Amino acid sequence: MEIETQVLDIDYRTENDEVYLRLFCKSGDSNVIGYDRDFRPYFYALPSEEADAEELEDEIEGQEFKEDGEDDGDYLPVEETEIVEREVGQEQRKAVKIYTTVPANVPKLKNQVWDLPETERCREFDIPFYRRYLIDEGIRPGKTVRLEGEEVEAEEFDRALNIDEVDTEVEERDQEYSTMAFDLEVYQERIIMTSMKSEGFQKVLSLSEVDRSFVEHVEDEEELLNRFVEIIREEDVDILTGYNTDEFDFSMLRDAAERNNVTLALGRDGERMKFNRRGRFSAARLKGRAHLDLYPFVDHVLSPGMDAENLDLDSVAEELLGEKKDEMTWEEMKDSWKNQEDLEKFADYCLKDSELALKLSDEIVPQIMELSKLVGTIPFDTCRLTYGQLTENFLLREAYSREILAPNRPSQQKRQDRRQEGAYAGGFVYTPESGLHENIALFDFRSLYPTVMVAHNISPDTLNLDECSERFTLEEFDYDFCQDEQGFFPELIEGLVEERYELKSEMKEKDEGTAEYQSLYNRQQAEKILANSFYGYLGYNGARWYSRESAEATTFMGRKYIEDTIDTAEELGLEVVYGDTDSVFLKGEDIRERMDGFLDEVNDDLPEFMELEFEGFFSRGLFTSTESGEGAKKKYALIDEDGSMKITGFEQVRRDWSPIAKDTQKKVLRAVLENDVDKAVEIVEDTIDRLQDGEVPIEKLKIYTTLTKPPEEYGSTAPHVEAAKKAKKRGDEIPPETTITYVITSGGGSISSRARLLKYADSYDSEYYVDNQVLPVALRVLKVFGYTEDQLKGKGKQSGLDRFS
DNA sequence: CTTGACCGGGG
DNA sequence: GTGTACGGTCAAG
């Protein structure tokens with residue numbers, strides 16, 4: 001048979017010292033499984049100085065390798081060897097490619113081969129087998145492939161085949177994936193509710209009866225688990241998703257399943273869910289169904305481009321969807337369950353969380369899929385890999401197709417050494433003049449670092465070549481980049497940028513809001529993410545292709561271009577307000593008329609591929625100052641003509657500040673940007689008055705901090721720890737991982753000793769909130785206008801007194 | 001200034 | 001399982 005399909009997931013099995021891969025695919029509505037039994041694990045060995053490739057090959061062929069090198073150890077078979085030519089660093093070399101039977105043999109065999117005197121080193125021995133397969137076969141998950149082979153039977157799948165051939169040169173066809181989001185509610189370490197939501201299906205399983213049509217009552221945790229598994233399998237979705245499901249929901253599910261002796265057979269192959277350990281995290285892996293946790297993807301890939309500083313579901317949904325969770329605090333939820341009151345609201349909240357996660361997945365999963373197609377990782381990996389790891393997977397694929405051997409991953413020691421080298425200079429930041437500026441035009445370089453790398457052919461493989469006719473030399477440093485042939489990194493960047501350019505022009509022909517437009521948008525976005533990742537990757541200490549020189553040269557040239565741009569502006573008599581890395585802020589009454597001339601002047605001098613672009617106008621901008629009174633870098637706020645603010649560097653979005661402090665700062669910023677400093681001062685004074693008069697609702701004074709262990713295990717005293725200890729004495733359960741919502745109450749003693757949980761707080765310490773919360777954040781803005789703490793406070797008190805007199 | 005502990009997301 | 005990988009902040013030393 002022959003089938004056109006998309007790979008969604010993949011794994012491998014070993015049976016009797018043989019290995020086969022399982023490709024979990026989707027073709028229309030059909031679930032397809034393909035078995036490939038023709039792919040063997042392998043790695044490379046490079047000959048040392050005292051041997052050539054042939055001698056090394058003979059040595060390997062002639063040896064009998066045993067596990068742990070012991071005579072009675074299990075045999076580590078070398079199935080086949082082959083001599084190949086590969087690019088190694090900057091030279092062409094012969095390498096021995098060594099095939100074995102099962103993947104687990106590779107690391108063991110590699111150790112022994114590496115120890116041979118004929119071996120200089122081994123290469124590509126730590127690429128997970130299924131990734132190796134995807135790379136070598138050219139399969140990119142989510143992209144259409146044609147599988148050919150004999151049809152076989154397989155339970156739980158609509159079609160199954162033993163693969164003879166994989167053809168990746170196939171025209172793309174659209175494929176939809178069904179998605180379900182889920183969420184758990186937990187009380188005293190027990191699962192009490194779970195919600196599930198997909199297009200056309202919603203349900204809440206609850207341990208208590210709730211008068212809602214979507215709620216199904218279950219007797220106990222065991223029944224809840226069994227029903228959960230049943231429903232997931234009945235609905236048989238392709239993608240199961242949620243927010244922080246690896247760390248929270250699935251770890252709860254695992255514990256509950258253990259307690260109740262239930263098998264979490266959630267995958268398509270009837271197997272139980274397993275945790276894959278990956279460093280600091282564990283990932284809940286289902287087979288054949290992709291479990292995509294949205295949180296790590298938001299954290300690793302999306303957050304650099306987002307405004308939100310904390311990445312809880314609420315903030316992320318608000319930024320990406322413009323939608324908020326239902327207002328229900330954790331305290332309210334606990335009370336609701338404890339007293340079995342208002343359970344309808346509780347169930348609504350539970351369902352809402354799944355609904356939000358599902359909407360978020362509508363937004364995010366297509367991006368994960370596009371990145372999977374581009375980088376070639378399965379979506380399960382794509383959503384969990386860090387930026388550097390995504391980049392590296394792409395590089396491994398591109399290296400393979402160019403017959404380049406990937407460098408080895410650095411050891412812990414080597415990473416340490418690389419870190420020790422210290423930071424190199426980053427972007428150039430222009431010191432602004434603090435205060436309020438008007439009529440600001442913002443310009444920035446289109447993808448500064450990627451374009452710099454292309455313009456100067458900066459790449460580890462063009463660095464300091466022995467033979468080269470034309471060199472780009474950086475005299476400040478002791479190295480150069482050869483210009484004769486395009487390097488590995490510039491070639492990849494140029495490819496991505498050009499492809500993206502085409503996609504963008506294709507986008508212009510589609511209507512915004514259509515599915516086609518969205519899909520093109522997601523593709524170009526994936527390409528942008530990847531193109532922008534190479535610079536950071538070269539300076540990342542864990543990178544195989546680490547090249548400090550390349551990273552350093554890139555920022556150096558970036559600084560040169562932004563400084564030249566600033567010079568050009570000044571030569572044209574334009575006033576520079578600020579600049580950071582790849583952006584310049586200019587101001588002037590007539591800036592709108594003069595900007596085109598400025599842009600032409602700059603762009604005419606730039607190398608091909610580089611471009612300065614106009615970003616937008618702002619009617620006002622506030623720049624703060626440092627302790628010494630100099631203009632502060634990276635801390636400013638802008639307002640455009642529509643009154644929308646762009647705030648950078650202020651603390652108003654952090655959760656360790658109380659709402660009263662954050663709200664006040666935002667209001668003060670707006671007043672200042674609307675050119676009304678007096679109003680800003682009044683806002684502060686008024687807030688201080690209200691705090692001192694006890695008029696501020698206690699809700700506005702809460703501060704969050706998370707406990708990671710039981711409160712009594714902390715050595716140091718911190719407000720949240722003390723608040724938790726006191727609550728525990730009153731009989732509250734405070735398990736680890738609790739987020740403590742506390743308020744500093746009035747009275748004597750240290751601040752920590754007066755911290756109480758929000759629900760127990762019957763007073764507040766106005767002095768603390770004035771001095772440690774409101775004043776510091778307000779001063780961050782108002783110091784520029786000459787206000788001091790005493791002044792704001794004094795005035796506050798005075799106007800307070802005025803009122804009473 | 002360096003070192004080490006803590007924290008994130010979830011309930 | 002071709003496992004074992006973060007990065008920033010803050011208080012203490």
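Below, chains carry the letters A, B, ... as their sequence lines are ordered, and counting in each starts from 1. Everything quoted here is computed from the prediction, not taken from an experiment.
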| said: Is the phosphate of dG1(C) approached by Asn276(A) (side-chain N or O, under 4.0 Å from OP1 or OP2)? | reply: yes
| Under 4.0 Å between a Lys/Arg side-chain N and an Asp/Glu carboxylate O for Asp381(A) and Arg278(A)? | yes
| query | Roughly how many Å is it from CZ in Arg384(A) to C1' in dC6(C), rounded to a whole number? | reply | 17 Å
| What nucleic acid atoms does Pro128(A) come within less than 4.0 Å of, heavy atoms only: base, sugar-phosphate, or nothing? | sugar-phosphate
| query | Base, sugar-phosphate, or nothing for Tyr243(A), non-hydrogen atoms under 4.0 angstrom? | reply | sugar-phosphate
| said: Students often get this wrong, so: under 4.0 angstrom with heavy atoms, is Leu313(A) touching a base, only sugar-phosphate, or nothing? | reply: sugar-phosphate
| field | Distance, C1' atom - from dT4(C) to dG11(B), rounded to whole angstrom | value | 28 Å
| field | P atoms of dG10(B) and dC6(C), separation to the nearest Å | value | 22 Å
| task | Output yes when Arg22(A) and Asp9(A) qualify as a salt bridge under the 4.0 Å nitrogen-oxygen rule, no when they do not. | result | no
| query | For Arg123(A), which contact category applies under a 4.0 Å heavy-atom criterion: base, sugar-phosphate, or nothing? | reply | nothing
| task | For Phe346(A) and for Asp299(A), locate the closest nucleotide of DNA chain B by heavy-atom distance; then report the residue assigned to the nucleotide nearer the 5' terminus. | result | Asp299(A)
| task | Report yes if a donor N or O on one partner sits less than 3.5 Å from an acceptor N or O on the other, where the partners are the side chain of Arg280(A) and the base of dG7(C); otherwise report no. | result | no
| Does Pro77(A) offer a backbone N or O that forms a donor-acceptor pair with the side chain of Thr100(A) under 3.5 Å? | yes
| message | Using a strict threshold of under 4.0 Å (side-chain N to carboxylate O), is an ion pair present between Asp126(A) and Arg544(A)? | response | yes
| said: What I want to find out is whether Glu18(A) reaches Arg37(A) closely enough, with some N-O distance under 4.0 Å, to be called a salt bridge. | reply: no
| task | Using whole Å, report how far CE of Met306(A) lies from C1' of dG9(B). | result | 13 Å
| Integer-rounded Å distance: dC7(B) P and Leu311(A) CG | 17 Å
| field | Euclidean distance, atom OH of residue Tyr295(A) to atom P of dC7(B) [Å, nearest integer] | value | 14 Å
| Which residues, if any, of residues 536-547 of chain A bring a heavy atom under 4.0 Å of DNA chain C? | none
| Any Lys/Arg nitrogen of Glu80(A) or Lys97(A) sitting under 4.0 Å from an Asp/Glu carboxylate oxygen of the other? | no
| message | Would the distance check show the side chain of Asp342(A) and the main-chain N or O of Lys345(A) forming a donor-acceptor pair, the cut-off being under 3.5 Å? | response | no
| task | Answer with base, sugar-phosphate or nothing: what part of the nucleic acid does Leu385(A) contact at a heavy-atom distance below 4.0 Å? | result | nothing
| query | How would you label the contact of Phe129(A) with the nucleic acid (heavy atoms, under 4.0 Å): base, sugar-phosphate, or nothing? | reply | base
| query | With a non-hydrogen cut-off below 4.0 angstrom, is Glu247(A) in contact with a base, only sugar-phosphate, or nothing? | reply | nothing
| request: For Gln412(A), report the nucleic acid contact type (base, sugar-phosphate, nothing); a contact means any heavy atom under 4.0 Å. | output: sugar-phosphate
| note | In whole angstroms, the gap separating C1' of dC6(C) from NE2 of His300(A) amounts to 7 Å
| Which part of the nucleic acid, if any, lies within contact of Pro107(A), taking any heavy atom under 4.0 Å across all strands shown: a base, the sugar-phosphate backbone alone, or nothing? | sugar-phosphate
| said: Categorize Arg409(A) for me: base, sugar-phosphate, or nothing, with a 4.0 angstrom heavy-atom threshold over every strand shown. | reply: sugar-phosphate
| note | Of the listed dG1(C), dG9(B), dG3(C), the closest approach to the Asp126(A) side chain comes from dG3(C)
| Which atoms form the tightest heavy-atom contact between Arg418(A) and Ala543(A), and what is the distance? | NH1-O, 3.0 Å
| note | Whole-Å distance, Lys274(A) NZ to dG1(C) C1', equals 11 Å
| task | Quickly work out the Phe281(A) CZ to dG8(B) C1' distance and round it to whole Å. | result | 8 Å
| remark: Smallest heavy-atom separation, Cys350(A) atom then Ser195(A) atom, equals O-OG, 2.8 Å
| Could you state the CG-C1' distance from Asn310(A) to dC7(B), rounded to the nearest angstrom? | 13 Å
